[in-house]
Amino acid sequence: MPTRSRARSPGSEHELRARAEALAGGTLGELAASFGLLAPPDLRRAKGFVGELMERALGASAGSRAEPDFPELGVELKTLPVDPSGKPQESTFVCTIAPREIGDVEWEASLVRRKLARVLWVPVEGMRSVPVAQRRIGTALLWSPSPEDEAELRFDWEQLAGLIGRGQEDAITGHLGKWLQVRPKAAHSRSRRRSFDPEGSPTLSLPRGFYLRATFTARILQQHFALGPRRQPPL
DNA sequence: TTGTGATCATCT
DNA sequence: AGATGATCACAA
């Protein structure tokens, strides 16, 4: 089995959903083996393993393009590491920030809004105590933000994009934003990219990206999988 | 080098 | 414990 094999891209949301459903209940080890891959013992040196494996399995386009994972469908794929109760353990990266452009864009045209317009969330067991190969894949959810979700995300985005657009990026910390936050997104803390200072002069700053807080994705899963007072974990 | 996929590991 | 800031691997 060639290690570069990959599922063909799905022709419809229905097909994408069916494929995701077929993966639910299986383990990452089984899925990796079906592509001739070996799951790493842990993710310390393979942080993108789960996401990239899922891309192969569902037929997402490869590579690092600034497009949705399924361009024809306009769907973004996100794996979600969850604890035994089905709660996301990590924030979700949305997109990198172009400090010199963000001030010229309205929410409606923002990359954050476009990326989150349609998302296939795939919960996967994320406990470090479980070897990667034994972690189970959960029930996926094809999601779009509700009007309320979008209004809240827009509020956060406008505050953060406003600061960046006014050259105050370095005043931003991960504390800002109820659901959406800005955090470093770089190879290391010495990374720098072109930006503007508060006077509008060119300067260099740490590359940052937008992230969804785990509380936001937790709410999404809860809203869609909660059938009663006892939640049914999507695993 | 930048953007994709994210999780790690330290600090509060 | 939970979240923030830091970091890892790979492709183009």
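All values reported here derive from a predicted model rather than from experimental measurement. Values below: every heavy atom of this structure, side chains too, minus hydrogens, waters and symmetry copies. Protein chains get the first letters and strands the later ones, always in sequence-line order, with residue 1 at the start of each.
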Between the protein and nucleotides 7-11 of chain B, list the N/O to N/O atom pairs that are separated by less than 3.5 angstrom.
unit_1 : atom_1 : unit_2   : atom_2 : d
B:dT7  : O2     : A:Lys47  : NZ     : 2.9
B:dC8  : OP2    : A:Arg128 : NE     : 2.8
B:dC8  : OP2    : A:Arg128 : NH2    : 3.3
B:dC8  : O4'    : A:Lys47  : NZ     : 3.2
B:dC8  : N4     : A:Glu90  : OE1    : 3.1

Review point. Got a minute to check which stems DNA chain C is part of, using Watson-Crick or G-U wobble pairs under 3.5 Å, three or more consecutive?
Key: B:1-12 with C:1-12
Point to revise | Residues which pass side chain to side chain donor-acceptor pair (under 3.5 Å) with A:Arg183, listed by chain and number, not counting sequence neighbours | key: A:Ser91, A:Gln181
Practice item. Go through A:Glu169 and A:Arg193 one step at a time and tell me if the salt bridge (Lys or Arg N to Asp or Glu O under 4.0 Å) criterion holds. Key: CA-CA 12 Å; A:Glu169 184 179 12; A:Arg193 70 179 316 169; over 6 Å; no
**Study point:** No-hydrogen, no-angle side-chain donor-acceptor test under 3.5 Å, A:Glu199 and A:Ser201
**Key:** no
Check your understanding: Choosing from B:dG3, C:dT7, B:dG5, which nucleotide comes nearest the side chain of A:His188?
Key -> C:dT7
Study note, to complete from the structure: Separation of B:dA6 atom P from A:Phe49 atom CZ, nearest Å, is 13 Å
Check your understanding: When A:Glu125 is tested against each of A:Arg136, A:Gln134, A:Arg135 for side-chain hydrogen bond (donor to acceptor under 3.5 Å, both in side chains), which residue passes?
Key -> A:Arg136
Review point. Quick one: which of C:dT7, C:dA6, B:dG5 gets closest to the side chain of A:Arg190?
Key: C:dT7
Revision key, fill the gap. Across all chains, not counting sequence neighbours, the side chain to side chain donor-acceptor pair (under 3.5 Å) partners of A:Arg194 are none
Review point. So, is A:Lys185 close to the C:dT4 phosphate, meaning a side-chain N or O under 4.0 Å from OP1 or OP2?
Key: no
**Study point:** Inter- and intrachain pairs under ring pair (Phe, Tyr, Trp, His ring centres under 6.0 Å), touching residues 40-60 of chain A, at least two apart
**Key:** none
Exercise for review: Give me the other members of the hydrophobic cluster that A:Leu111 sits in, counting Ile, Leu, Val, Met, Phe, Trp and Tyr linked by side-chain heavy atoms under 4.5 Å, directly or via other members.
Suggested key: none
